[in-house]
Amino acid sequence: MADTVKATQTVIKKYANRRLYHTGTSTYVTLEDLATMVQNGEDFVVYDARTGDDITRSVLTQIIFEQENKAGAENLLPVAFLRQLIRFYGDSMRTMVPSFLEFSMANFAKDQDGLREKFAQSFGPAAFQNAIEQQVRTNMNFFGDAMKMFTGFAPPAPGAQPTAPAATQPASYGGGELDDLKRQMLEMQQRLEALAKK
């Protein structure tokens with residue numbers, strides 16, 4: 001377990017009583033402490049103390065849940081985004097979503113300091129907010145283009161009514177079509193990975 005952890009990662013153990021133990025400082029910590037560690041760029045991994053399972057993802061999700069509850073009107077995650085994210089859990093395109101989100105967030109994080117400095121100096125907070133919204137629109141357009149490559153059509157615009165399919169014949173999902181779809185998905189994933197490396 002801990003032997004495979006990178007030397008730069010702090011190990012946090014979660015016990016049955018839900019307490020989190022920071023092995024580096026030999027102290028108990030809270031989700032708020034872990035959120036501060038993330039904001040400070042400190043990398044950590046969380047293990048279940050009883051089973052040894054890596055539960056970092058669920059703990060980070062808990063932190064987001066807590067932060068969203070505290071944020072009030074200043075939430076980071078819009079309701080429309082959360083609904084769309086939930087829809088992807090049952091969708092055949094779900095394998096693309098993690099790569100897209102990671103790619104988008106990495107680009108946003110890379111550009112945010114420069115954007116913040118330029119717009120804060122030139123136009124004030126409102127312009128910075130507009131720049132962020134533009135970046136989000138750009139990312140969503142990128143994702144829409146990616147969807148077109150796979151499905152041959154763009155996702156519906158927000159608020160748009162779904163249109164009826166052009167063909168009235170039932171779709172056939174024979175082995176050949178399924179193989180083509182798998183091949184197209186693989187090609188798209190490779191394109192996304194190539195874009196992420198640029």
Side-chain angles (χ1 to χ4, degrees), residues 1-117 120 125 128-129 131-133 135-136 139-140 142-143 185 189-190 192-198:
M1 166 179 85
D3 297 338
T4 62
V5 177
K6 295 177 188 172
T8 58
Q9 285 185 316
T10 300
V11 174
I12 308 292
K13 292 184 178 179
K14 185 172 184 180
Y15 289 92
N17 60 5
R18 298 187 179 188
R19 295 191 76 186
L20 298 159
Y21 183 74
H22 189 303
T23 61
T25 60
S26 300
T27 57
Y28 286 99
V29 292
T30 63
L31 288 176
E32 188 72 33
D33 295 327
L34 294 183
T36 302
M37 289 170 66
V38 171
Q39 289 164 350
N40 293 336
E42 188 174 344
D43 197 11
F44 61 84
V45 62
V46 184
Y47 290 111
D48 184 297
R50 184 178 58 83
T51 65
D53 293 340
D54 184 341
I55 56 170
T56 308
R57 182 188 307 271
S58 65
V59 170
L60 291 174
T61 305
Q62 267 186 287
I63 291 171
I64 291 170
F65 177 76
E66 294 290 328
Q67 294 294 322
E68 285 291 298
N69 279 339
K70 277 195 327 187
E74 297 179 2
N75 296 89
L76 286 182
L77 302 175
V79 171
F81 170 79
L82 292 171
R83 289 184 200 279
Q84 189 61 52
L85 197 59
I86 291 168
R87 286 186 193 109
F88 274 116
Y89 277 100
D91 194 283
S92 60
M93 306 299 288
R94 66 179 292 175
T95 56
M96 290 179 53
V97 174
S99 297
F100 169 74
L101 292 176
E102 194 170 4
F103 172 78
S104 296
M105 289 304 290
N107 279 325
F108 180 74
K110 183 176 70 175
D111 296 337
Q112 72 174 337
D113 290 335
L115 281 171
R116 184 181 289 120
E117 186 178 326
F128 178 66
Q129 180 65 30
I132 298 225
E133 289 172 4
Q135 182 67 39
V136 169
N139 287 343
M140 291 310 294
F142 170 78
F143 188 63
M185 288 181 71
Q189 191 164 5
Q190 288 168 348
L192 284 172
E193 288 170 2
L195 283 171
K197 290 176 186 174
K198 288 184 179 178

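Distance CD1/Ile64 to CD/Gln62: 11.0 Å, rounded to 0.5 Å. Interatomic distance, Leu77 CG to Arg83 CZ, rounded to the nearest 0.5 Å: 13.5 Å. Annotation: the span from Thr25 atom OG1 to Ile12 atom CD1 amounts to 7.0 Å, rounded to 0.5 Å. To the nearest 0.5 Å, atom OH of residue Tyr47 and atom OG1 of residue Thr23 are 10.0 Å apart. In this structure, CZ in Arg50 is found 13.0 Å from OH in Tyr15, a value given to the nearest 0.5 Å. Between atom CG of residue Asp91 and atom CE of residue Met96 there is a gap of 10.0 Å, rounded to the nearest 0.5 Å.
Of all heavy-atom pairs between Gln9 and Phe44, the closest is NE2-O, 4.3 Å. The shortest non-hydrogen separation linking Phe88 to Arg94 is O-CB, 3.0 Å. Taking both residues in full, the closest heavy atoms of Asp54 and Val46 are given as OD1-O, 3.4 Å, listed atom of the first, atom of the second, then distance. Taking both residues in full, the closest heavy atoms of Leu60 and Val38 are given as CD2-CG2, 4.2 Å, listed atom of the first, atom of the second, then distance.
Side-chain atoms of Glu66 never come within 3.5 Å of backbone atoms of Leu31 as a donor-acceptor pair (strictly under, hydrogens ignored). Using modelled atom types, one side-chain atom of Thr36 and one backbone atom of Glu32 make a donor-acceptor pair closer than 3.5 Å.
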_Test side chain to side chain donor-acceptor pair (under 3.5 Å) on Asp33 and Thr30; report intermediate values, then the result._
CA-CA 5 Å; Asp33 295 327; Thr30 63; 3.2 Å; yes

*Derivation and outcome, side chain to side chain contact (heavy atoms under 4.5 Å, CB included), residues Thr10 and Val45*: CA-CA 6 Å; Thr10 300; Val45 62; over 6 Å; no

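By the 4.5 Å heavy-atom criterion applied to side chains, Ser58 and Ile55 are counted as neighbours. By the 4.5 Å heavy-atom criterion applied to side chains, Met37 and His22 are counted as neighbours. Using a 4.5 Å heavy-atom threshold, the side chains of Lys14 and Leu20 count as touching.
More than 12 heavy atoms of other residues, nucleotides or ligands shown are found within 6.0 angstrom of CD on Glu42.
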